[in-house]
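Beneath this line is the structure, given in structure tokens, with notes to follow.
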There are 2 protein chains.
Amino acid sequence: MPKLSNTFNPEFWINHKNEKINPNISVDSVVFGFDLKELKVLLVDRILFTPDNEHIIFQDQSLPGNHCRDDENTDQAVRRILKELTGLTDVHLEQFAAFGDLDRLKKERDQIWLKAIGKDPDVRVLTVAYYALVAVDKIYIDQDAWKSLPGWYGKKPRWYGIHDLPDLAFDHKEIIFAAFDFLKEKVVTQPIIFKLLPGKFTLSQLQKIYEVVLDTRLDKRNFRKKITNANFIIPLKQKQVGVSHKPAQLYRFDQKKFDKRAKNLFNLCRF
Amino acid sequence: MPKLSNTFNPEFWINHKNEKINPNISVDSVVFGFDLKELKVLLVDRILFTPDNEHIIFQDQSLPGNHCRDDENTDQAVRRILKELTGLTDVHLEQFAAFGDLDRLKKERDQIWLKAIGKDPDVRVLTVAYYALVAVDKIYIDQDAWKSLPGWYGKKPRWYGIHDLPDLAFDHKEIIFAAFDFLKEKVVTQPIIFKLLPGKFTLSQLQKIYEVVLDTRLDKRNFRKKITNANFIIPLKQKQVGVSHKPAQLYRFDQKKFDKRAKNLFNLCRF
DNA sequence: TCAAAAGTGTTAACGATACACCCATGA
DNA sequence: TCATGGGTGTATCGTTAACACTTTTGA
């Protein structure tokens, strides 16, 4: 049920919790998850009811995001809001871009939505976008957190395949693709891919996530040769259990060993 | 001479040109230039005079930046402001981060400054930071543009070595180092280094800029072997003139040929 | 003729590519 | 016993690393 609890005020807004929120600055997070098959993005529902709450005017999805409070920086805001909307905590979150086009809230549906929830549809909102990486063993989000959301986020957050996204609010599809592009580049220079995997992973899982993110196919034997030459990917004394095939060796990523490894960056240049 | 021409207003500000500017959103640009020896950053002076304009209270430097107008997006704002403050146009500009910490304007000197120019020192300002890359043949900026600046930017913009920065306003030193870190990573996955060189360059110049940006030393013969194997760096039928040593062959970068070249991204992973 | 930077080649080690079959487990 | 994904080796080729001297120009 959408409770229209935001009060519009030309200078600043007071939200339903009586907190001063900044009208010009919001945060949005693109949460990536990997279910061992494909890359997923976490979205929340946006449902607009008729004033009598009897009928749905429209329903679509949006990134988890909201305005910043004026007593928190954007890093704090994005963590707070992500927790409020999805229950996720302790994820790898990193700012990757700001979106501030003048028409980003101007689609007809978005204008209707903004008016309905009591916001000034003409106020300019610049959003600082973050990406988050969630390990496969955390991909089932807190089942209850979303129930305590402000009324206008009335639905459970859900995962969507990156190549199978629904209609999205505002410029959120653009933000997701920008995040995906950023991720592809980031993966080349930083060992962040491991944050999409559980602490213990198999080499096939590692290969698959590289294939999914870089949109490529890799040769199994060559992949394993390269990986096992790297001394920061460490075989554990454990194997998979409960799989109906030969159980795989488990490995972990060692950040300290990775940091020590010196490499000539120039040779990585494409250029 | 600092003319205190901004009018404070709790909802929005009107600047000296009677434009509505957004109190919460600013842009700053870190302009990198390469003078064939070291990497430089373009800074403008910030000078605070006593009310009688007789004495200087303090003088330091800042990045070229200012608040956004509400009728332009940040990409437009940063181009406009960079032109207004330094005369630079047609440079490669790319957003790389937003800085929104609550204390970023709270240093004593910055508070004094904000009050002196008529801005509310308590208003929160989130700045969207851009980096720009300027070719060596453009490094001598427009000699006159700065003369038409708003009064409170009363001095000519100047280049400073990245390892030899003066005291800077606000969090601008942090922004510069973040831009430098970003540049180092970007250079690995994108061919942007050429934007720091003139259209026609020598291989020694190309080697030097890689060494400066990646903070490394490269072997001349190995470097040239790698470069001349790349078919998108093309020798011209021209040589340097007017140098008091053997004149070097000139080359150019071919973006189209670069784009065609397919490469397995995974092999670039560190991982 | 000097100073300054340009330009050049070989060898050894390493990393990338291509490619096909047997193994261990749970159902 | 079958289906499923796990796990392995070799040969060829291309790239990187290490290393020192000659050339061309203007001053």
Side-chain angles (χ1 to χ4, degrees), chain A residues 34-38 136 188 197-198 200-212 214 216-251 261-271, chain B residues 34-38 136 188 197-198 200-212 214 216-251 261-271:
Chain A
F34 175 57
D35 64 358
L36 303 183
K37 293 206 178 70
E38 63 170 343
V136 62
V188 174
L197 292 171
K200 301 169 182 179
F201 52 83
T202 72
L203 295 188
S204 295
Q205 288 165 359
L206 183 58
Q207 180 179 339
K208 181 73 183 171
I209 184 64
Y210 269 118
E211 289 177 341
V212 166
L214 296 177
T216 185
R217 297 303 314 271
L218 300 170
D219 177 89
K220 184 160 64 159
R221 279 177 288 192
N222 294 334
F223 179 83
R224 294 163 106 90
K225 213 180 307 170
K226 176 159 169 151
I227 293 295
T228 51
N229 280 349
N231 72 337
F232 47 83
I233 295 173
I234 297 171
L236 300 171
K237 295 194 186 79
Q238 283 182 51
K239 288 179 186 269
Q240 271 183 318
V241 288
V243 288
S244 78
H245 53 75
K246 179 170 174 178
Q249 174 72 245
L250 292 171
Y251 292 77
R261 154 223 59 111
K263 241 192 169 180
N264 181 348
L265 268 185
F266 173 68
N267 283 332
L268 298 178
C269 293
R270 300 163 68 198
F271 297 92
Chain B
F34 176 57
D35 65 358
L36 304 183
K37 292 206 179 69
E38 63 172 342
V136 63
V188 173
L197 291 171
K200 301 170 183 181
F201 51 84
T202 72
L203 293 188
S204 295
Q205 289 165 358
L206 183 59
Q207 179 178 340
K208 182 72 184 172
I209 184 63
Y210 269 117
E211 289 177 341
V212 165
L214 295 177
T216 185
R217 296 303 314 273
L218 299 171
D219 177 88
K220 184 160 62 160
R221 279 176 289 188
N222 294 335
F223 179 83
R224 294 164 104 90
K225 212 178 308 169
K226 175 159 168 151
I227 292 295
T228 52
N229 279 349
N231 73 336
F232 47 82
I233 296 173
I234 296 172
L236 299 170
K237 295 194 186 79
Q238 283 183 50
K239 288 177 185 270
Q240 271 183 319
V241 289
V243 288
S244 76
H245 54 75
K246 180 171 173 177
Q249 173 73 246
L250 292 171
Y251 292 77
R261 153 225 57 113
K263 239 191 171 179
N264 181 348
L265 268 185
F266 173 68
N267 283 334
L268 299 177
C269 293
R270 300 164 67 196
F271 298 90

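Letters go in sequence order (proteins before strands), and every chain restarts at 1.
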Self-check item: Inter-residue atom distance B/Leu197.CG - B/Thr202.OG1, 0.5 Å rounding
Solution: 8.0 Å
Exercise. Provide the start and end nucleotides, 5' to 3', of the part of DNA chain C that has atoms under 4.0 Å from heavy atoms of chain B.
Key: C/dA3 to C/dT17
Quiz item: Does A/Arg224 or B/Lys225 map to a spot on DNA chain D nearer the 5' end, using the closest nucleotide for each?
Solution: A/Arg224
Quiz item: Looking at residues at least two apart in the chain, or sitting in another chain, which of them share a ring pair (Phe, Tyr, Trp, His ring centres under 6.0 Å) with B/Phe201?
Solution: B/Phe194
Quiz item: Which pairs, with at least one residue in residues 235-246 of chain A and sequence neighbours excluded, count as a side-chain hydrogen bond (donor to acceptor under 3.5 Å, both in side chains)?
Solution: A/Lys200-A/Gln238
Self-check item: Between D/dG5 (C1') and A/Leu36 (CG): distance, integer Å
Solution: 13 Å
Exercise. Enter the distance from B/Lys208:NZ to B/Leu36:CG here, rounded to the nearest 0.5 Å.
Key: 10.0 Å
Quiz item: In whole Å, what is the span from the CG atom of A/Leu206 to the C1' atom of D/dG7?
Solution: 16 Å
Practice problem: Indicate the atoms forming the closest heavy-atom contact of A/Phe232 with A/Arg261, along with that distance. | Solution: CE2-CD, 3.6 Å
Practice problem: Sequence neighbours left out, what passes side-chain hydrogen bond (donor to acceptor under 3.5 Å, both in side chains) with B/Glu38? Give chain and number order. | Solution: B/Lys40
Practice problem: Find the distance between CG (A/Asp35) and CD1 (A/Ile209) and round it off to the nearest 0.5 Å. | Solution: 9.0 Å
Self-check item: Rounded (10°) bend between the five-pair end axes of the helix from C/dT1-D/dA27 to C/dA27-D/dT1
Solution: 10°
Self-check item: For B/Tyr251, all residues meeting ring pair (Phe, Tyr, Trp, His ring centres under 6.0 Å), sequence neighbours excluded
Solution: none
Exercise. May I ask you to list the residues of residues 241-250 of chain A, by number, that have any heavy atom positioned under 4.0 Å from an atom of DNA chain C?
Key: A/Val243, A/Ser244, A/His245, A/Lys246, A/Pro247
Self-check item: Rounded interatomic separation in angstrom, taking CD1 from B/Ile227 and C1' from D/dT16
Solution: 14 Å
Quiz item: Is a side-chain N or O of B/Glu211 found less than 3.5 angstrom from the main chain of B/Leu218, in a donor-acceptor match?
Solution: yes
Exercise. Mind checking side-chain hydrogen bond (donor to acceptor under 3.5 Å, both in side chains) for B/Asp219 and listing every partner two or more places apart, or none if nothing turns up?
Key: B/Asn222
Quiz item: B/Lys220: what forms a side chain to side chain contact (heavy atoms under 4.5 Å, CB included) with it, not counting sequence neighbours?
Solution: B/Gln207, B/Arg224
Self-check item: A/Thr216 vs B/Leu265 side-chain heavy atoms within contact, under 4.5 Å
Solution: no
Practice problem: Can you sort out which residues in residues 216-223 of chain A have a heavy atom within less than 4.0 Å of DNA chain D? Ascending by number, please. | Solution: A/Lys220, A/Arg221
Self-check item: Residues in side chain to side chain contact (heavy atoms under 4.5 Å, CB included) contact with B/Asn231, at least two apart in sequence or another chain
Solution: B/Lys257
